[in-house]
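A short write-up of the structure that comes next.
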Amino acid sequence: MATGTEPPATEPAQRGGGVRAGTRAAIDAPHLRTDRWWLAPACTAAGLLAFIVYSTWRAFANADYYAAPYVSPFYSPCLAENCETMRGGPNWEIFGGWWGISPAIIILIFPLGFRLTCYYYRKAYYRGFWASPPACAVAEPHKKYTGETRFPLILQNIHRYFFYAALLVAGILTYDTVLAFRDEHYAWGHMGLGTLVFLVNIVLIWAYTISCHSCRHIVGGKLKHFSKHPVRYRMWQWAGKLNARHMQLAWASLVSVALADFYVYLIASGAFDDPRFF
């Protein structure tokens, strides 16, 4: 049945690859949308670029990341000898004295690797930076599409392993949040504004991590009979509910971890005094 979009039989099939190949509908316009379809990928790219610039600056600054009892999540745990001494904090000097640059470079590999390979962030930067595709019903601009079957995108498959590393990092940040219930003299039973900042951040970090597709699959993805595994089935349901908000949690936790680091920076640099509630 003719639809009116087939190329004329007397003309050769369209060439050039991508969505304008000969097997596609013969529409000359790259797309037929009249709304501001470009706004969403542009905002996504702007948000990710802002975080990349900020986190790069903070990671290489190697200063103002600890103000008792708070330690920046970018520098926790501190794995080199050139870290500031954090009493009771995550000083794990396993890299010794040969590591000369910022210790944040070591630990940031794991949470950033987890986010870069996350299913939502793949969609975000594919659309925002590579225009693949930039929006629904907008033409794919690339001549050839291989997906995640070739290097380097095939490395996205290691996401499940970064998930295990993200669990460890979230556990360490939970420990840092517990330490935030001390004062600047390391006495317990105190709470400041920074404590609330850390509490909100760790809740969002855990919510984002648990809402991960890999977590949902690990919990219940291989089960054939949910009735035989009621506990795992319940956990799978919880993970599924969070997974429905994975995009929102991804952005909220990205903002919260940057704000937690910035809050520590303000205190450590002397620009701001941490208000105490008790």
Side-chain angles (χ1 to χ4, degrees), residues 37 39-41 43-48 50-51 55 73-74 76 107-108 110-128 132-137 147-148 153 155-178 180-181 195-261 263:
W37 58 266
L39 187 58
C43 290
T44 297
L48 292 177
F51 180 80
S55 60
F74 289 178
S76 182
I107 192 60
L108 281 179
F110 301 102
L112 288 180
F114 176 61
R115 287 184 182 267
L116 284 175
T117 57
C118 164
Y119 288 104
Y120 167 69
Y121 280 111
R122 295 186 206 182
K123 182 185 79 170
Y125 61 74
Y126 285 175
R127 288 185 176 184
S132 181
C136 179
E148 296 172 351
L153 295 186
L155 296 178
Q156 303 281 26
N157 294 320
I158 64 176
H159 176 64
R160 69 193 68 179
Y161 302 107
F162 275 121
F163 168 72
Y164 297 125
L167 285 179
L168 177 61
V169 172
I172 295 170
L173 295 183
T174 302
Y175 175 70
D176 294 341
T177 304
V178 173
F181 283 91
T195 311
L196 288 180
V197 172
F198 273 55
L199 279 172
V200 171
N201 178 58
I202 196 57
V203 168
L204 291 174
I205 290 292
W206 274 114
Y208 166 65
T209 304
I210 296 174
S211 70
C212 170
H213 297 74
S214 292
C215 178
R216 190 166 180 260
H217 178 72
I218 291 170
V219 170
K222 294 184 178 181
L223 297 180
K224 294 182 178 180
H225 305 285
F226 280 127
S227 59
K228 296 181 179 179
H229 305 275
V231 175
R232 292 184 63 183
Y233 176 56
R234 180 65 65 182
M235 295 172 63
W236 180 81
Q237 287 183 312
W238 291 339
K241 291 179 180 179
L242 285 174
N243 183 259
R245 299 287 184 269
H246 196 50
M247 180 185 73
Q248 294 88 339
L249 292 171
W251 280 106
S253 60
L254 192 72
V255 172
S256 71
V257 73
L259 287 178
D261 170 81
Y263 189 85

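All values reported here derive from a predicted model rather than from experimental measurement.
Proximity of Y120 to Q248: side-chain heavy atoms (C-beta onward) are nowhere separated by under 4.5 Å. Counting heavy atoms from C-beta outward, L254 and W251 have side chains that approach closer than 4.5 Å. Side-chain contact check for H217 versus C212: every heavy-atom pair is 4.5 Å or farther apart. Side chains of F163 and T209 form a contact here, defined as non-hydrogen atoms less than 4.5 Å apart. For the pair V231 and W236, the minimum side-chain heavy-atom distance is 4.5 Å or more. With contacts defined as side-chain heavy-atom distances shorter than 4.5 Å, the pair L199/F181 qualifies.
Side chain to side chain, S253 and R115 meet the donor-acceptor criterion of an N or O pair below 3.5 Å. Remark: the D176 side chain and the S76 side chain contain an N/O donor-acceptor pair separated by less than 3.5 Å.
The main-chain N or O of L223 is never found under 3.5 Å from a side-chain atom of Y233 such that the two would form a donor-acceptor pair. In this structure, the side chain of R127 does not engage the main chain of S132 through any donor-acceptor pair within 3.5 Å. When atom types are taken as modelled, the side chain of D261 and the backbone of P73 share no donor-acceptor pair closer than 3.5 angstrom. A donor-acceptor distance shorter than 3.5 angstrom exists from the side chain of R232 to the backbone of I218, with no hydrogens or angles considered. In this structure, the side chain of Y126 does not engage the main chain of Y121 through any donor-acceptor pair within 3.5 Å. Listed for the N201 side chain is a donor-acceptor partner under 3.5 Å among the backbone atoms of V257.
A pairwise comparison of heavy atoms in L153 and E148 identifies O-CB, 3.7 Å as the closest pair. The minimum heavy-atom distance linking T117 with L155 is given by the pair CG2-O, 4.4 Å. Closest approach of I205 to A170, counting heavy atoms only: CG2-CB, 4.0 Å. The shortest heavy-atom contact between T174 and W206 is OG1-NE1, 2.8 Å.
One finds the OG atom of S211 at 15.5 Å from the CH2 atom of W238 (value rounded to the nearest 0.5 Å). Atom CG of L204 and atom CG of L259 lie 10.5 Å apart (nearest 0.5 Å). Put simply, NZ on K123 and SG on C118 are 10.0 Å apart, with the number rounded to the nearest 0.5 Å. Separation of atoms CD1 (I210) and CG (L242) is listed at 7.0 Å; rounding is to 0.5 Å. Rounding to the nearest 0.5 Å gives a distance of 13.5 Å between CZ of R160 and NE2 of H213.
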Verify side-chain contact (heavy atoms from CB on, under 4.5 Å) between F114 and I158, making sure each step is shown before the conclusion. CA-CA 9 Å; F114 176 61; I158 64 176; over 6 Å; no
Give the intermediate values and the outcome of side-chain contact (heavy atoms from CB on, under 4.5 Å) for residues F74 and I107. CA-CA 7 Å; F74 289 178; I107 192 60; over 6 Å; no
Checking side-chain contact (heavy atoms from CB on, under 4.5 Å) for the pair R216/V219: CA distance, chi angles, key distance, verdict? CA-CA 5 Å; R216 190 166 180 260; V219 170; 6.0 Å; no
Between F110 and L168, is the side-chain contact (heavy atoms from CB on, under 4.5 Å) condition met? List the steps. CA-CA 10 Å; F110 301 102; L168 177 61; over 6 Å; no
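The cationic group of R122 lies under 6.0 Å from the six-membered ring centre of Y119 and within 45° of the ring axis, placing it in a cation-pi geometry.
Within 6.0 Å of the CZ atom in F226, the count of heavy atoms belonging to other residues, nucleotides or ligands exceeds 12.
The aromatic rings of Y208 and H246 sit parallel to each other, their planes meeting at less than 30°, with 60° as the upper class boundary.
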